[in-house]
Amino acid sequence: MLSIDAGTTGALRVAPSILAADFGALARAVGEVDAETDWLHVDVMDGHFVPNVSIGPPVVQSLRPYSNKFFDCHLMMSEPERYLEAFAKSGANGCTVHVEVGHTADLIRQMRDLGLRVGLAANPDAPFEAVEPFLEDIDLLLLMTVFPGFGGQSFIPDVMEKVARARHAIDDGALALDLEVDGGIDEVTAPIATSAGANVLVAGSAIFARANPLEAATLLRRAAERGRSCD
Ligand code: DX5
Ligand code: ZN
């Protein structure tokens with residue numbers, strides 16, 4: 001399973017967040033959007049780092065046979081070190097831990113040793129300087145565009161300044177790094193995020209809560225492409 005790769009770094013990626021899907025029919029929901037999406041974003045909430053609980057490795061394992069997408073697991077957890085191995089074994093391809101958790105260098109090493117693609121996330125109020133020291137050691141930087149914990153919140157436009165700064169750092173340093181945004185991404189905000197420099201777009205409500213999720217994913221991709229072409 002770990003051989004599923006993330007594709008070309010820096011390419012536009014639409015990553016639907018299963019948090020907004022029907023958990024009772026998850027495999028079907030994921031299959032429905034397969035043709036128009038690139039990665040699958042798996043939101044893991046521990047009820048401690050964020051005031052909500054969601055899913056864990058057993059769900060990743062159950063879903064694995066139904067999808068050959070790159071599983072992009074966003075760990076909103078206070079102690080990700082206790083669960084990284086279980087995620088790797090259950091079929092996660094990449095894991096993203098939050099910089100707010102601390103001991104980031106150790107977590108990065110642990111993810112590498114497990115063969116995971118390495119992601120680092122930062123909340124909207126984290127300064128760019130909090131993630132800057134790690135940019136050369138990670139594969140993905142996730143800049144949250146909402147405070148994590150719940151789907152369906154409004155995009156925080158102020159984060160775009162940090163996205164633009166990250167994009168410059170990536171381009172100037174020729175870093176092999178994907179830049180992901182997550183929270184409140186829809187057809188209106190996707191081009192704002194891509195024109196600021198994001199290349200991976202996570203969307204929950206704007207895909208799975210729509211009457212036609214496949215069509216919604218197509219519209220989102222088109223909107224995101226518009227943003228990329230006028231940056
Ligand atoms: C927020 C999660 C997001 C969320 C996005 O805590 O990390 O991935 O599911 O949902 P929407 O797209 O509805 O804002
Ligand atoms: Zn997420």
Side-chain angles (χ1 to χ4, degrees), residues 6 13-23 26 29-30 33 36-57 59-60 63 69-78 80 83 87 92-101 116-126 131 138-160 163 178-194 198-211 213 216-221 223-224:
R13 303 263 165 237
V14 173
S17 162
I18 60 171
L19 192 64
D22 176 359
F23 281 159
L26 205 45
V30 164
V33 297
E36 283 293 344
T37 54
D38 304 294
W39 294 358
L40 203 63
H41 187 79
V42 179
D43 280 312
V44 179
M45 303 177 178
D46 67 351
H48 189 261
F49 182 76
V50 287
N52 199 2
V53 287
S54 59
I55 56 163
V59 175
V60 173
L63 198 55
K69 296 290 186 206
F70 179 88
F71 280 9
D72 168 40
C73 298
H74 176 194
L75 308 186
M76 289 163 272
M77 312 180 89
S78 297
Y83 305 96
F87 277 104
N93 305 108
C95 281
T96 298
V97 298
H98 270 261
V99 72
E100 290 82 8
V101 166
L116 291 161
R117 202 165 187 266
V118 174
L120 183 64
N123 283 344
D125 59 356
V131 294
I138 60 178
D139 304 306
L140 172 127
L141 176 65
L142 165 53
L143 296 178
M144 292 302 299
T145 39
V146 299
F147 283 89
F150 300 90
Q153 303 182 75
S154 298
F155 177 81
I156 302 173
D158 288 357
V159 177
M160 292 307 102
V163 170
D178 284 303
L179 182 51
E180 182 175 58
V181 285
D182 180 8
I185 301 294
D186 60 18
E187 305 90 303
V188 174
T189 57
I192 299 172
T194 51
N199 72 287
V200 184
L201 302 173
V202 175
S205 324
I207 293 180
F208 288 118
R210 296 287 169 84
T218 312
L219 294 176
L220 188 74
R221 183 190 297 282

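The figures here come from the full heavy-atom set of this structure, side chains too, leaving out hydrogens, waters and symmetry mates. When a ligand or atom number is given, it counts from 1 through the structure's own listing order.
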### Task
Record the part of Ala203 in heavy-atom contact with ligand 1 below 4.0 Å; permitted values are side chain, backbone, both and neither.
backbone
### Query
Which ligand 1 atoms does Met45 reach within 4.0 Å, using its non-hydrogen atoms?
6 (O)
### Query
Regarding His74 and Asp72, is there a side-chain donor-to-acceptor distance under 3.5 Å anywhere?
no
### Task
First locate atom CZ of Phe23, then atom OG of Ser54, and finally report the distance between them rounded to the nearest 0.5 Å.
6.0 Å
### Message
For Arg210, give me all partners under salt bridge (charged side-chain N to carboxylate O under 4.0 Å, His left out), at least two apart in sequence or on another chain.
### Response
Glu187
### Any Leu75 side-chain heavy atom under 4.5 Å of Val101 side chain
no
### Query
What pairs with Asn199 under side chain to side chain contact (heavy atoms under 4.5 Å, CB included), at least two apart in sequence or on another chain?
Arg167, Asp178, Leu179, Arg228
### Summary
Rounding to 0.5 Å, atoms CD1 (Ile18) and CG (Leu26) come to a distance of 4.5 Å
#### Entry: Ligand-residue contact atoms, ligand 1 with Gly183, heavy atoms, under 4.0 Å
14 (O)
### Query
Which ligand 1 atoms does Met144 reach within 4.0 Å, using its non-hydrogen atoms?
7 (O)
### Message
Closer than 4.0 Å to some heavy atom of Pro148 - which atoms of ligand 1 meet that?
### Response
6 (O)
### Query
Who's the nearest protein heavy-atom neighbour of atom 10 (O) of ligand 1, and how far?
Gly151 CA, 3.6 Å
### Query
Does Val202 reach ligand 1 with a nitrogen or oxygen that is under 3.5 Å from one of the ligand's nitrogen or oxygen atoms?
no
### Ligand-side contact atoms (ligand 1) for residue partner Leu19, heavy atom cut-off under 4.0 Å
9 (O)
### Task
Tell me which protein heavy atom sits closest to atom 13 (O) of ligand 1, plus the residue, atom name and distance to 0.1 Å.
Ser205 OG, 2.3 Å
### Query
Among protein heavy atoms, which sits nearest to atom 12 (O) of ligand 1, and what does the distance come to when rounded to 0.1 Å?
Gly204 N, 2.8 Å
### Query
Ignoring water, what protein N, O or S atoms are under 2.8 Å from the Zn ion (ligand 2)?
His41 NE2, Asp43 OD1, His74 ND1, Asp182 OD2
### Task
Please confirm whether Gly184 comes within less than 3.5 Å of ligand 1 when only nitrogen or oxygen atoms on both sides are compared.
yes
### Task
Tell me, please, which residues at least two apart from Gln153 pass side chain to side chain contact (heavy atoms under 4.5 Å, CB included).
Val146, Phe150
### Task
Identify the protein heavy atom lying closest to atom 1 (C) of ligand 1, giving its residue, its atom name and the separation to 0.1 Å.
Phe150 O, 3.7 Å
### Residue pair Ala193 / Val181: nearest heavy atoms and the distance that separates them
CB-CG2, 3.8 Å
### Task
Identify the two heavy atoms, one from Ile138 and one from Leu120, that lie closest to each other, and give their separation to 0.1 Å.
CD1-CB, 3.8 Å
### Query
Met144 and Asp182: which non-hydrogen atoms are nearest, and at how many Å?
CE-O, 3.5 Å
### Query
Considering only the protein, which heavy-atom contact is closest to atom 5 (C) of ligand 1, and what is its distance?
Asp182 OD1, 3.5 Å
### Message
Could you go through Val188 and Phe155, starting from their C-alpha distance and side-chain angles, then the distance that decides it, and tell me whether this counts as side-chain contact (heavy atoms from CB on, under 4.5 Å)?
### Response
CA-CA 10 Å; Val188 174; Phe155 177 81; over 6 Å; no
### Message
Quick check on Gly152 - does any of its heavy atoms sit under 4.0 Å from an atom of ligand 1?
### Response
yes
### Query
Within a strict 4.5 Å, meaning less than it, do heavy atoms of the Thr145 and Met160 side chains meet?
yes
### Ligand-side contact atoms (ligand 1) for residue partner Met76, heavy atom cut-off under 4.0 Å
6 (O), 7 (O)
### Query
Counting each atom of ligand 1 from 1 as listed, which ones have a heavy atom of His74 under 4.0 Å away?
7 (O)
### Task
Please answer whether the main-chain N or O of Glu36 pairs with a side-chain N or O of Arg221 as donor and acceptor at a distance below 3.5 Å.
yes
### Query
At the 4.0 Å heavy-atom cut-off, does Gly149 count as touching ligand 1?
yes
### Message
Check whether Thr194 reaches the backbone of Ala224 with its side chain - one donor and one acceptor, N or O, closer than 3.5 Å.
### Response
yes
### His41 neighbourhood, listing ligand 1 atoms whose heavy-atom distance to it stays under 4.0 Å
8 (O)
### Query
Is the shortest heavy-atom distance from the side chain of Phe147 to the side chain of Asp125 under 4.5 Å?
yes
